[in-house]
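Structure record follows, encoded as C-alpha cells.
Index from 1, following the sequence.
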Amino acid sequence: MIVLELNLKDMKTLIKSILVFLTGFIFFACEDDSLPESVKGRLIEFPSCNFVNVIQIESGNLKGGSISSTGLQIENVVLFPGNPIQDSIIYFNYRFFDQKKDRDSVYCTADVLIKAPKIIITNYSTSD
C-alpha cells in the first residue's frame with residue numbers, strides 16, 4: 001500500500017511539473033508579433049523615385065522623416081519599396097524594413113535627399 005501511495009505522489013508531482021513546464025514554454029516561446037495600430041497615410045507622387053511609394057503620415061503613431069529634391073520638400077513621410085499603390089489615401093499596418101529579410105528596391109535620382117524610414121506594409125485598406 002505504501003508503494004502505491006508513493007507512485008501516486010510521484011505521478012502528481014510529475015503531472016504538476018509537466019504543467020509548469022508547458023505553461024512556461026508557451027509563455028516564453030511566443031514571439032511578440034503584435035502589429036502597431038493602423039496608420040492613415042496619403043500617397044505622394046514623387047517623380048524622382050522609382051519602385052517606391054512615398055507616404056505622408058496623416059494620423060497614427062508612426063513618425064516619418066523627410067524627402068527633398070530641387071525646390072520640393074515633403075515632411076512626415078515614410079518609404080514603402082515595391083509596386084505603386086494606386087489609391088491616394090490608405091489605412092495600413094506596417095513593420096519597419098529589415099535589411100536582412102527584405103529586398104531593397106528603392107531607386108531615387110542623385111539629387112534626392114532622403115531622411116525617411118523605410119517600412120513594409122503588412123496590410124492596407126482604402127477605408128478606415
Side-chain angles (χ1 to χ4, degrees):
M1 192 68 141
I2 294 175
V3 173
L4 187 59
E5 282 183 34
L6 288 176
N7 286 336
L8 188 58
K9 278 185 174 179
D10 289 342
M11 288 297 285
K12 285 182 181 181
T13 303
L14 179 63
I15 289 172
K16 286 179 185 178
S17 298
I18 289 172
L19 288 175
V20 168
F21 171 76
L22 288 176
T23 303
F25 178 76
I26 290 170
F27 179 74
F28 289 112
C30 294
E31 284 186 40
D32 184 15
D33 288 335
S34 59
L35 295 173
E37 70 179 49
S38 183
V39 175
K40 179 182 178 185
R42 174 180 305 277
L43 273 89
I44 305 294
E45 190 172 321
F46 203 82
S48 298
C49 294
N50 297 317
F51 306 111
V52 63
N53 295 280
V54 178
I55 304 170
Q56 189 169 35
I57 305 304
E58 291 193 349
S59 66
N61 289 330
L62 178 59
K63 302 296 179 211
S66 65
I67 183 169
S68 60
S69 185
T70 347
L72 178 65
Q73 180 158 342
I74 304 171
E75 296 293 331
N76 201 25
V77 296
V78 294
L79 305 176
F80 170 51
N83 294 328
I85 297 174
Q86 300 302 318
D87 302 296
S88 60
I89 299 288
I90 61 171
Y91 301 86
F92 61 93
N93 297 100
Y94 68 94
R95 65 177 173 77
F96 287 101
F97 183 86
D98 183 344
Q99 195 74 23
K100 292 179 182 173
K101 64 181 179 179
D102 298 316
R103 194 175 68 181
D104 192 359
S105 59
V106 175
Y107 171 73
C108 295
T109 58
D111 67 337
V112 176
L113 180 61
I114 300 174
K115 291 184 180 179
K118 291 181 195 173
I119 63 165
I120 299 297
I121 293 178
T122 57
N123 185 27
Y124 87 92
S125 170
T126 56
S127 60
D128 189 12

(request) Taking all heavy atoms of Ala116 and all of Val78, pick out the closest pair and write down the distance. (result) CB-CA, 4.4 Å

(message) Exactly one of Leu79, Val77, Ile44, Ile90 should register a side chain to side chain contact (heavy atoms under 4.5 Å, CB included) with Ile55. Which one does?
(response) Ile90

(request) Could you pull out all residues at least two apart from Ile89 that satisfy side chain to side chain contact (heavy atoms under 4.5 Å, CB included)? (result) Lys40, Arg42, Glu58, Tyr91

(request) For Lys63, check side chain to side chain contact (heavy atoms under 4.5 Å, CB included) against everything at least two apart and list the hits. (result) none

(request) Without swapping roles, check the side chain of Asn76 against the backbone of Ile57 for a donor-acceptor pair under 3.5 Å. (result) yes

(request) Kindly compute the distance separating OG1 (Thr122) from CG (Asn93), expressed to the nearest 0.5 Å. (result) 4.5 Å

(message) Tell me whether Ser66 contacts the main-chain N or O of Lys115 through its side chain, where contact means a donor paired with an acceptor under 3.5 Å.
(response) no

(message) Measuring only between side-chain heavy atoms, which start at C-beta, is Ile85 closer than 4.5 Å to Ile121?
(response) yes

(request) Enumerate the residue pairs fulfilling salt bridge (Lys or Arg N to Asp or Glu O under 4.0 Å) with a member in residues 70-93, sequence neighbours excluded, ordered by first and then second residue. (result) none

(message) Using the side chain to side chain contact (heavy atoms under 4.5 Å, CB included) criterion, which residues pair with Asp98? Sequence neighbours excluded.
(response) Arg95, Lys100, Lys101, Asp102

(message) Using 0.5 Å steps for rounding, measure from the CZ atom of Phe92 to the CG atom of Asn123.
(response) 11.0 Å

(request) Please assess Phe97 against Ile119 for the test side chain to side chain contact (heavy atoms under 4.5 Å, CB included), listing each intermediate value before the final yes or no. (result) CA-CA 5 Å; Phe97 183 86; Ile119 63 165; 6.0 Å; no

